[in-house]
Number of protein chains: 2
Amino acid sequence: MESTRTRIRRATINDVASAAGLSRGTVSRVVNGERYVSEDAKLAVEEAILRVGYVRNSVARNLVRQESGAIGLIIHEPHSLLFEDPNIGSILLGANAVLSAADYQLVSLIIDSERDSRRVADYLQGGLVDGAVIVSARASDPIALAVKNLGVPAAFVGHPPGIPDIPYVAIDNAAAAEAITARLLGTGRTRVAMIACALDRDSGQDRLAGFKAAMGDLFDPGLVVEYPLYTYGFGLEGMQELLRRRPDLDGVFAASDAVAAGAMTALQESGRQVPEDVGIVGFDDSSWALRCRPQLSTVRQPADLLGKRAAELVLAQIRGLPSPAEVLETSVMWRGSA
Amino acid sequence: MESTRTRIRRATINDVASAAGLSRGTVSRVVNGERYVSEDAKLAVEEAILRVGYVRNSVARNLVRQESGAIGLIIHEPHSLLFEDPNIGSILLGANAVLSAADYQLVSLIIDSERDSRRVADYLQGGLVDGAVIVSARASDPIALAVKNLGVPAAFVGHPPGIPDIPYVAIDNAAAAEAITARLLGTGRTRVAMIACALDRDSGQDRLAGFKAAMGDLFDPGLVVEYPLYTYGFGLEGMQELLRRRPDLDGVFAASDAVAAGAMTALQESGRQVPEDVGIVGFDDSSWALRCRPQLSTVRQPADLLGKRAAELVLAQIRGLPSPAEVLETSVMWRGSA
DNA sequence: ATGCGTTCTGTGAACGCTCCCAGAATCGGG
DNA sequence: CCCGATTCTGGGAGCGTTCACAGAACGCAT
């Protein structure tokens, strides 16, 4: 027998044309709202479209036009979507706002395995998108290579080292970390620890570097613990470990708000008062910050703006305009936790 | 002058063919790993591909094959992605796991405006995806109509009323809410309140209905407050309002874990002990639950499984197999908060 | 009548690929 | 040495559009 797949054949532009007693070209003009089609013809085509149930095949259209009207947004760290990191959501929404206004479709592609990585690279290279925003890339990312390879218009959110040429939009993690650590030291603390995370990413490295810079002579490697992800759980664990090592510490810089929230819980469970006994500061100014008691002093980073600007960089490239890298401003939000 | 867009022409299969001194057909066979191509030819083609820098144009391929190898995942409530609701992330990852294994590309489309809604509907109908998973749809959703219209294989996560015919995978919110409320009553409480949320969605309505059913004669409309979203903030606010109305209440069912976390903060700030003075239960068993002190008693819902099963339903339809709606099991996780 | 500009319509030629069929080359067995 | 089966290759047809061009129809001034 035949295949079991007997999907009903879709109506094409030709079906509409013969139903309306007109030609392909005229139907195409009506569908695309072009000039030079008579009122009679327009009505006849519209009636025929309804009658045969026509909807345009975008694949064929994209093939001849050599563009897709879609921009990919690649998320390399889907697990952070889940629990701790509200930044990705804001970036997504920011990018969507810009692209939607320019009538582009944002398509998000997540990479959760080696297999995904290859498939997404194919997707990007295959002409299915006109450009890409790449979030939380790692150094030597196969995606970055694929993008470079074919010259797909792209922009990074964040600034992975080792990939030149592709524009990015980022914040100065090191400077911001230095600023908030300095502010914490300004409250008179001298034994300040750090819970460092995600050292495989530029953001993690830079926040640690900024901390060291601010600490200067006070820096003590024994007061730094390292964890792979920016999570509440590692914040809790990290704080417990630090308290074991140095029960007399009087300040902590947590690499993100989620980490800070975990650390605060550990501190309070150990019977210490925040900020009286130990001052604590975070990073991101995410919804975590206002949720802590006391509320968290932290670095505000404009996550939605990161998404917006990255999208704008991609659109600029598509339009042949200059697309310079950009570093956005951060600020210290000083609240009750230190 | 000419257009400013002077994108470099991509190498096509024909370029490879002439570079290798072979035909289109042979190149295609090599690229797709088919049989009946000599070792010599294969080597020559592979060398030529490298030399001319060929990568396949998926748009052309999809046009002739009449399929895209992609499945859309539509998120109608992107803001919940941001802050409170970890479910969407789990659903996303679950769906991706299934689709990735079947070598389909998951593309997520978010709807954040009326404009988005139309564009996404076009995307789905235009042949750019072979099927769709639809998350958190509302009744009378234009997307649902578009999907039905063209018979795109699709599945809902959750069960919006008023849209028959399209399979779904859901949990029994009413039964689960009834079960956990009954359990809370079983600890000897008699003045139990509810913070109800998202009554414009089936999940919100059903959780409230389950609460009423469990309360029976004890149900008091004055002990229910209603809010639009499942958020920490509304939990805080709702609890404060309830304490104002009935300072002597001794139990609360919060419509989600995030809401419960907010409520717990309000309770503790009012000087009440949890669970001694007031028992509190939530819904979702998200990461919030373990983060509360005491840890939250809640309903465990298998969010990643929802995504997996929905993806499987879509694949089943594509393959012409039956795709029955499915209701997944939930269970009560009993911890310290009640 | 003739010419010219405008509006409208039809049609061939792509876009880059896969599918299919015809035919060439190769091989082993009678 | 021929024949049939098998392996391999080339190229026409077609997927559903858009685009460019040619020509028809029409009005209006010459």
Side-chain angles (χ1 to χ4, degrees), chain A residues 2-3 5 7-45 48-49 52-69 122-123 125-128 130 150, chain B residues 2-3 5 7-45 48-49 52-69 122-123 125-128 130 150:
Chain A
E2 309 277 271
S3 146
R5 286 282 298 287
R7 196 90 66 88
I8 356 85
R9 204 181 73 85
R10 295 170 54 132
T12 75
I13 207 174
N14 289 307
D15 299 331
V16 177
S18 54
L22 288 161
S23 76
R24 236 173 43 230
T26 305
V27 176
S28 178
R29 276 182 288 264
V30 171
V31 169
N32 293 302
E34 283 170 24
R35 289 188 359 162
Y36 299 141
V37 24
S38 66
E39 200 58 28
D40 284 3
K42 190 172 169 217
L43 256 45
V45 168
I49 285 178
V52 303
Y54 170 76
V55 329
R56 168 162 67 201
N57 183 324
S58 305
V59 180
R61 176 176 220 242
N62 293 349
L63 175 60
V64 39
R65 304 196 61 185
Q66 299 282 76
E67 62 181 41
S68 68
D122 281 356
Y123 198 91
Q125 295 185 310
L128 298 167
D130 297 339
L150 275 227
Chain B
E2 308 277 276
S3 146
R5 288 280 298 286
R7 196 91 66 87
I8 355 88
R9 207 180 71 86
R10 295 169 55 133
T12 74
I13 206 174
N14 288 307
D15 299 331
V16 177
S18 54
L22 288 162
S23 75
R24 235 171 47 230
T26 305
V27 176
S28 178
R29 277 182 287 266
V30 172
V31 170
N32 293 302
E34 284 170 23
R35 288 188 0 164
Y36 298 142
V37 25
S38 66
E39 201 57 30
D40 285 1
K42 189 170 170 221
L43 257 44
V45 168
I49 284 178
V52 304
Y54 170 76
V55 330
R56 170 161 66 199
N57 182 323
S58 305
V59 179
R61 177 175 219 246
N62 293 349
L63 176 60
V64 36
R65 306 197 59 186
Q66 300 280 76
E67 61 180 43
S68 68
D122 281 355
Y123 199 90
Q125 295 184 312
L128 298 168
D130 296 340
L150 274 229

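What you see is a predicted model, and the numbers here were worked out from it, not measured in a lab. Numbered from 1 within each chain, the chains take letters A, B, ... in sequence-line order.
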For the side chain of A:T12, counting heavy atoms from C-beta on, which of D:dG16, C:dG10, D:dT18 is nearest? D:dG16

How close do A:V16 and A:I49 get, counting heavy atoms only, and between which atoms? CG1-CG1, 3.8 Å

Taking only side-chain N and O atoms of B:S28, does any of them lie within less than 4.0 angstrom of OP1 or OP2 on C:dT18? yes

Hey, is the main chain of B:V55 close enough, under 3.5 Å, to the side chain of B:R10 for a donor-acceptor pair? yes

May I ask you to decide if B:N62's main-chain N or O and B:S68's side chain share a donor-acceptor pair within less than 3.5 Å? no

Base, sugar-phosphate alone, or nothing: which one does B:R24 contact when heavy atoms must sit under 4.0 Å apart? base

A:V45 and A:R29, any side-chain heavy atoms less than 4.5 Å apart: no

If I compare all heavy atoms of B:N32 with all of B:R61, which pair ends up nearest, and what's the gap? OD1-NH2, 2.9 Å

Among the candidates D:dG11, C:dC8, C:dG10, find the nucleotide nearest to the side-chain atoms of B:S23. D:dG11

Hey, does A:N62 reach any base, or is it just sugar-phosphate, or nothing, if we go heavy atoms under 4.0 Å? nothing

Are B:N32 and C:dT18 close enough that a side-chain N or O sits under 4.0 Å from OP1 or OP2? yes

Name the nucleic acid region contacted by A:R29, choosing base, sugar-phosphate or nothing; use a 4.0 angstrom heavy-atom cut-off, strictly under. base

Between B:S38 and D:dT7, is there a contact of a side-chain N or O with OP1 or OP2 at under 4.0 Å? no

Residue-phosphate contact under 4.0 Å: B:S58 side-chain N/O, C:dC17 OP1/OP2: no

Counting side-chain heavy atoms from C-beta on, which of C:dT18, D:dT17, C:dT7 comes nearest to B:V64? C:dT18

Name the closest nucleotide to the A:L63 side chain, picking from C:dG10, C:dC15, C:dC17. C:dC15

Closest to the side chain of B:Q66, out of D:dC15, D:dT9, C:dT9, is D:dC15

C:dT18 phosphate, OP1 or OP2, under 4.0 Å from B:R61 side-chain N/O: yes

Kindly point out which of C:dC17, C:dT9, D:dT18 is positioned nearest to the side chain of B:N57? C:dC17

Quick check on DNA chain D: between B:E39 and A:Y54, whose nearest nucleotide comes earlier from the 5' end? B:E39

